[in-house]
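FYI, the numbering just counts along the sequence from 1. The structure displayed is predicted, hence computed values, not measured ones.
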Amino acid sequence: ARFCSLVTTPIVLILPPGALDGYAESQNAKGLKTMKKALQGATVLLGLIGGGEAVAVEWMNNSVGFRYGQQFTNPNNPDEFSKRIYSFTHASGYRYGSNYLNLDVFLSDSHDPRKGTDRGGSEVYAVYRHQLYASRVLDVPLGTGLIKDYALTLGFDANRNNNAASAKKRALVIGPTLKFNTVGVLDLSLMYYKERNHTGIPGARESNHTFDDTYMLNLTWLRPFEIANHAAKFQGFINYVGDKGEDYHGRDTAPETLMRTALMVAVRPGKSVKPNLYLGVGYEYWHHKFGVDGGRGTRTSTPTLNMEVTF
């Protein structure tokens with residue numbers, strides 16, 4: 001489908017100062033109110049991306065979602081805990097490539113408490129990726145073999161939480177992507193990865209720390225299909241991040257692996273019906289979480305219940 005709305009190039013997404021801090025201060029109902037404000041801000045930002053030649057948006061997909069799991073973990077926390085996760089996702093394509101934005105708000109139970117309290121903590125995590133397609137930039141035909149196209153992927157991750165760790169992650173990524181010739185999406189990226197973060201855990205050599213340069217290997221997929229005339233999809237990603245040198249305490253970090261995946265089925269029958277409600281199940285696996293090399297809480301393995309509204 002084609003839309004008459006406009007975006008501009010080059011693509012740059014800037015979060016306003018303090019936007020993530022507001023999420024970290026939120027809690028339960030306050031967190032939802034903050035999420036609404038942030039989504040309004042994200043909508044404005046997506047309309048103000050860049051400052052060059054205007055081009056028409058060729059396609060657009062948006063969704064709001066919810067997932068719930070009970071076996072989440074964090075390093076140095078002996079307890080498993082539950083999380084309610086609210087999300088907003090935007091994906092769109094234009095003349096030279098595509099944009100992707102995902103915003104997650106995590107609300108934990110009291111076993112992952114807000115620092116200095118016995119109430120559950122909260123976190124916001126934003127991911128932005130932009131891809132420039134070789135076929136569009138260089139005006140060459142799409143491939144007909146295993147590889148459909150090549151892309152340059154660049155973007156950032158940013159988070160803030162209010163538990164004992166009090167993380168303030170800022171990470172930049174850039175690198176080449178292989179776009180496989182298949183139904184849906186199957187992308188394999190190898191990207192330069194640079195992270196700066198914060199810890200509130202006592203005893204750290206430095207609370208604000210810039211990690212060593214490393215790499216991220218990312219596999220992203222979305223496979224659409226149908227079940228009895230209802231749209232369905234198998235979606236997810238795997239990130240493998242190399243070791244990042246020493247951590248806040250001078251200890252060596254370890255390579256970390258994060259996988260999130262879900263199998264979803266639409267409630268309303270028909271293909272590409274919008275709006276639609278998707279229900280399904282998911283799974284999250286995280287080994288050496290945050291690059292911590294072993295110890296309690298560094299391995300997460302939890303099923304999730306997932307819900308998503310597409311529009």
Side-chain angles (χ1 to χ4, degrees), residues 19-39 42 63-89 101-127 157-169 171 197-201 235-239 241 256-264 278-292 295-309:
L20 297 182
D21 295 358
Y23 274 108
E25 298 301 324
S26 65
Q27 187 73 14
N28 296 335
K30 292 183 179 180
L32 297 180
K33 183 182 295 184
T34 307
M35 181 181 183
K36 180 179 179 181
K37 293 180 179 178
L39 294 183
S63 66
V64 291
F66 173 80
R67 60 188 191 270
Y68 174 78
Q70 295 183 324
Q71 299 170 31
F72 289 95
T73 63
N74 271 338
N76 301 310
N77 185 341
D79 300 320
E80 293 184 341
F81 50 89
S82 65
K83 280 187 179 182
R84 292 169 289 135
I85 305 163
Y86 300 88
S87 64
F88 167 76
T89 303
L101 171 69
N102 185 80
L103 189 65
D104 281 335
V105 176
F106 301 86
L107 302 177
S108 301
D109 69 19
S110 59
H111 293 287
D112 178 36
R114 180 175 180 172
K115 190 172 185 178
T117 75
D118 58 0
R119 303 190 304 273
S122 60
E123 176 186 4
V124 62
Y125 199 108
V127 175
D157 290 23
N159 93 315
R160 180 74 187 270
N161 72 33
N162 59 15
N163 64 11
S166 302
K168 301 176 186 176
K169 179 179 178 180
N197 213 326
H198 171 85
T199 184
I201 297 176
Q235 61 189 16
F237 70 87
I238 300 174
N239 287 339
V241 179
E256 60 180 301
T257 302
L258 169 61
M259 178 181 72
R260 290 193 184 121
T261 187
L263 180 62
M264 310 289 288
Y278 284 78
L279 301 175
V281 294
Y283 177 70
E284 177 171 320
Y285 175 81
W286 203 334
H287 183 59
H288 289 153
K289 190 170 186 179
F290 308 143
V292 179
R296 60 189 183 184
T298 60
R299 180 179 176 274
T300 296
S301 177
T302 183
T304 58
L305 295 175
N306 295 43
M307 180 179 69
E308 182 180 300
V309 177

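- Among Leu101, Thr89, Asp157, the one residue that satisfies the side chain to side chain contact (heavy atoms under 4.5 Å, CB included) test with Val127 is Asp157.
- No side-chain N or O of Glu123 forms a donor-acceptor pair with one of Asn162 less than 3.5 Å apart.
- Between Leu103 and Ala126 the shortest heavy-atom distance is CD1-CB, 3.8 Å.
- No donor-acceptor distance shorter than 3.5 angstrom exists from the side chain of Asn239 to the backbone of Leu258, with no hydrogens or angles considered.
- Closest of all the heavy-atom pairs between Asn306 and Gly282 is OD1-N, 3.5 Å.
- In this structure, Phe66 and Arg84 have side chains that are in contact, with non-hydrogen atoms separated by less than 4.5 Å.
- Ring geometry, His287 versus Tyr285: the interplanar angle falls under 30°, so the pair is classed parallel (tilted spans 30 to 60°).
- Remark: His111 pairs with Asp79, Phe81, Asp109 by the side chain to side chain contact (heavy atoms under 4.5 Å, CB included) rule, at least two apart or across chains.
- Here the side chains of Pro303 and Gln71 are in contact, with some heavy-atom distance below 4.5 Å.
- A donor-acceptor contact shorter than 3.5 Å is absent between the side chain of Thr261 and the backbone of Tyr283.
- With respect to Thr73, the side chain to side chain donor-acceptor pair (under 3.5 Å) criterion is satisfied by exactly one of Thr298, Thr302, Thr300: Thr300.
- For Ala164, there are no side chain to side chain contact (heavy atoms under 4.5 Å, CB included) partners, not counting sequence neighbours.
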Just do the side-chain contact (heavy atoms from CB on, under 4.5 Å) check on Lys115 and Asn163 with the steps written out, would you? CA-CA 5 Å; Lys115 190 172 185 178; Asn163 64 11; 5.9 Å; no

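- Taking the side chain as every heavy atom from C-beta outward, Phe106 and Ser122 never approach each other to under 4.5 Å.
- For Ser110, the side chain to side chain contact (heavy atoms under 4.5 Å, CB included) test picks out no residue, with sequence neighbours left out.
- With sequence neighbours excluded, the residues satisfying salt bridge (charged side-chain N to carboxylate O under 4.0 Å, His left out) with Glu256 are Lys244.
- For Asn197 (side chain) and Lys169 (main-chain N/O), a donor-acceptor pair under 3.5 Å exists by modelled atom type.
- The NE2 atom of His198 sits 7.5 Å away from the CZ atom of Arg160 when rounded to the nearest 0.5 Å.
- Contacts of Leu305 classified as side chain to side chain contact (heavy atoms under 4.5 Å, CB included), with partners at least two apart in sequence or in another chain: Val281.
- Applying the salt bridge (Lys or Arg N to Asp or Glu O under 4.0 Å) rule to pairs touching residues 279-292 yields Arg260-Glu284, sequence neighbours excluded.
- When all heavy atoms of Ser87 and Asn102 are compared, the pair lying nearest together is CB-OD1, 4.5 Å.
- Looking at Val309 and Tyr278, their side chains never come closer than 4.5 Å, going by heavy atoms from C-beta outward.
- The structure places CZ of Arg296 at 6.0 Å from CG of Asn76, a figure rounded to the nearest 0.5 Å.
- Looking only at side-chain heavy atoms (C-beta outward), Pro113 and Asp118 stay at 4.5 Å or farther from each other.
- Using a 4.5 Å heavy-atom threshold, the side chains of Ser301 and Trp286 count as separate.
- Of the N and O atoms on the side chains of Asp104 and Tyr86, not one donor lies less than 3.5 Å from an acceptor on the other residue.
- Atom CE in Met264 sits 9.0 Å away from atom OG in Ser63 (nearest 0.5 Å).
- Side-chain contact between Phe72 and Ile85 is present, with heavy atoms from C-beta onward closer than 4.5 Å.
- Side-chain contact check for Asp112 versus Asn74: some heavy-atom pair is nearer than 4.5 Å.
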